[in-house]
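In what follows, a structure is listed as structure tokens, so that the remarks can point back to it.
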Amino acid sequence: MTCEACRTIPPVISQGYEPKGEYNIIAGLNTYKTGNLSSTTAIIDIYDIFGISPQTIQGADLLAARLNTLVLVPDFFKGKGAQHDWYPMDTEDKTKAMMGFFREYAQFEPNVGVLKNALEEYKVAFPAVEKWGIFGLCWGGKVTALSSGEGTPFVASGQVHPGLMDKADAEKITIPHIVLASKDEPADVVQQYTEIIGQNGTGGLVETYEKMWHGWMGARADLDGEESVKEYRRGYEQLAAFFEQHFK
């Protein structure tokens, strides 16, 4: 599905990155679209709790270039992602701010519904797409897992440094699924995912990036560090290889 010239992810830019795509309002969501607008495949990229960030947008562009596919990043939070200075939630004000944000913007089940409606609009906006994939970072990983069960419209899905991992979510997944965990996710639940994905017959893989922290491929990515940028790049290459395999 890609030419040989497209098979290498472009260099990662640490500062002053210029996005390759553009934003449009689709299904009531400000949606970043990048890549091949006539592609027969597309990936929905669900960001982490901090919303749209330069690191997340660059990751979307890397996937689009590597796969010659369409990648969409919808803004579920309407420009009001969580603030970095709310972490750690070690004061009453920080906790109150985070809880208020979750109640208003980040509840999981309602956003699964928002995603479902958005996909129907995306299908109309991009009629050439025949196969849809999806992955999520942190918060987006949970939304993705909840959208990967029976009757899912996606052919493959994934989670990167997943938030609120739950064995029950893994047990309901019915499509090939990839998990790229950091050292900060609960090892016991990561192991449960490994066992379930290995036995459910749908395919997929689980890998832990032992030296990386929760958020190394999203808004908390450090694109100035030699090792962290190497692992950021490797993670997106691994996602690309996974989706390429299941888009065939």
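Just so we're clear, the structure is a prediction, and the values are computed from it rather than from any experiment.
The two residues I49 and F101 come nearest to each other via the heavy atoms CD1-CE2, 3.4 Å. Looking at every heavy atom in both residues, P19 comes nearest to D61 through CA-OD2, 3.6 Å. Between V190 and M165, the shortest heavy-atom contact is CG2-SD, 3.9 Å. Listed here is the closest heavy atom pair of S53 and G218: OG-C, 4.3 Å. Closest approach of P162 to A181, counting heavy atoms only: CD-CA, 4.2 Å. Heavy atoms only, all atoms of each residue included: D169 and A145 are closest at CB-CB, 4.2 Å.
Side-chain contact annotation: T56 with Y32, donor-acceptor N/O pair under 3.5 Å absent. Between the side chains of Y47 and D75, at least one donor N or O sits under 3.5 Å from an acceptor N or O. Judged by distance alone, the side chains of N200 and T202 do bring a donor and an acceptor atom under 3.5 Å apart. E92 and T95 share no side-chain donor-acceptor pair at under 3.5 Å.
Surrounding NZ of K183 are more than 12 heavy atoms belonging to other residues, nucleotides or ligands, all under 6.0 Å away. When the shell of 6.0 Å around NZ of K94 is examined, it contains more than 12 heavy atoms from other residues, nucleotides or ligands.
In this structure, the side chains of M217 and L239 come closer than 4.5 Å at one or more pairs of heavy atoms. Two residues are said to be in side-chain contact when any heavy atoms from C-beta on lie closer than 4.5 Å; F154 and I44 meet this criterion. In this structure, the side chains of T31 and Y122 come closer than 4.5 Å at one or more pairs of heavy atoms. Side-chain contact between Y236 and V160 is absent, with no heavy-atom pair separated by less than 4.5 Å. By the 4.5 Å heavy-atom criterion applied to side chains, E185 and T208 are not counted as neighbours. Annotation: side chain of I46 is in contact with side chain of W139 (closest heavy-atom distance under 4.5 Å). With contacts defined as side-chain heavy-atom distances shorter than 4.5 Å, the pair E121/N117 does not qualify. Counting heavy atoms from C-beta outward, L37 and L70 have side chains that approach closer than 4.5 Å.
Between the side chain of S39 and the backbone N or O of T69, no donor-acceptor pair lies under 3.5 Å. Formation of a donor-acceptor pair under 3.5 Å by the K167 side chain with backbone atoms of Q192 is not found in this model. The closest donor-acceptor contact from the side chain of S228 to the backbone of D222 lies under 3.5 Å. A donor-acceptor pair under 3.5 Å is formed between the side chain of R220 and the backbone N or O of H214. D48 places a side-chain N or O within 3.5 Å of a backbone atom of A219 that can act as its donor or acceptor partner.
The side chain to side chain contact (heavy atoms under 4.5 Å, CB included) test applied to D85 returns Q83, not counting sequence neighbours.
Using a 4.5 Å cut-off between side-chain heavy atoms of Ile, Leu, Val, Met, Phe, Trp and Tyr, with links allowed through other members, Y209 and I178 fall into the same hydrophobic cluster.
Between Q191 atom CD and I196 atom CD1 the span is 10.0 Å, to the nearest 0.5 Å. A distance of 10.5 Å separates CG in L137 from CD in Q55, rounded to the nearest 0.5 Å. Interatomic distance, F242 CZ to E244 CD, rounded to the nearest 0.5 Å: 12.5 Å. Put simply, CD1 on I175 and NE2 on H246 are 9.5 Å apart, with the number rounded to the nearest 0.5 Å. Annotation: the span from M212 atom CE to H161 atom NE2 amounts to 11.0 Å, rounded to 0.5 Å. For the atom pair CD1 of I43 and CH2 of W132, the computed distance is 10.5 Å after rounding to the nearest 0.5 Å.
The ring pair (Phe, Tyr, Trp, His ring centres under 6.0 Å) pairs that include a residue from residues 168-195 number zero, where partners must be two or more places apart or lie in different chains.
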E120 vs K123, salt bridge (charged side-chain N to carboxylate O under 4.0 Å, His left out): CA-CA, chis, key distance, verdict: CA-CA 5 Å; E120 293 307 309; K123 288 178 178 178; 3.6 Å; yes
Residues F135, L63; criterion side-chain contact (heavy atoms from CB on, under 4.5 Å); working and verdict: CA-CA 11 Å; F135 78 97; L63 277 179; 3.4 Å; yes
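We find that E150 and K172 are not joined by a salt bridge, their nearest charged nitrogen and carboxylate oxygen being 4.0 Å or further apart. Comment: E231 engages R234 in a salt bridge, judged by a side-chain N to carboxylate O separation of less than 4.0 angstrom.
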Distance-only donor-acceptor pairs under 3.5 Å for side chains of residues 102-116, two or more places apart:
unit_1: Q107; atom_1: NE2; unit_2: R103; atom_2: O; d: 2.9
unit_1: N111; atom_1: ND2; unit_2: Y105; atom_2: O; d: 3.0
unit_1: N111; atom_1: ND2; unit_2: Q107; atom_2: O; d: 2.7

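For the side chain to side chain contact (heavy atoms under 4.5 Å, CB included) with K33, the qualifying choice from N24, V73, V71 is N24, the only one to do so.
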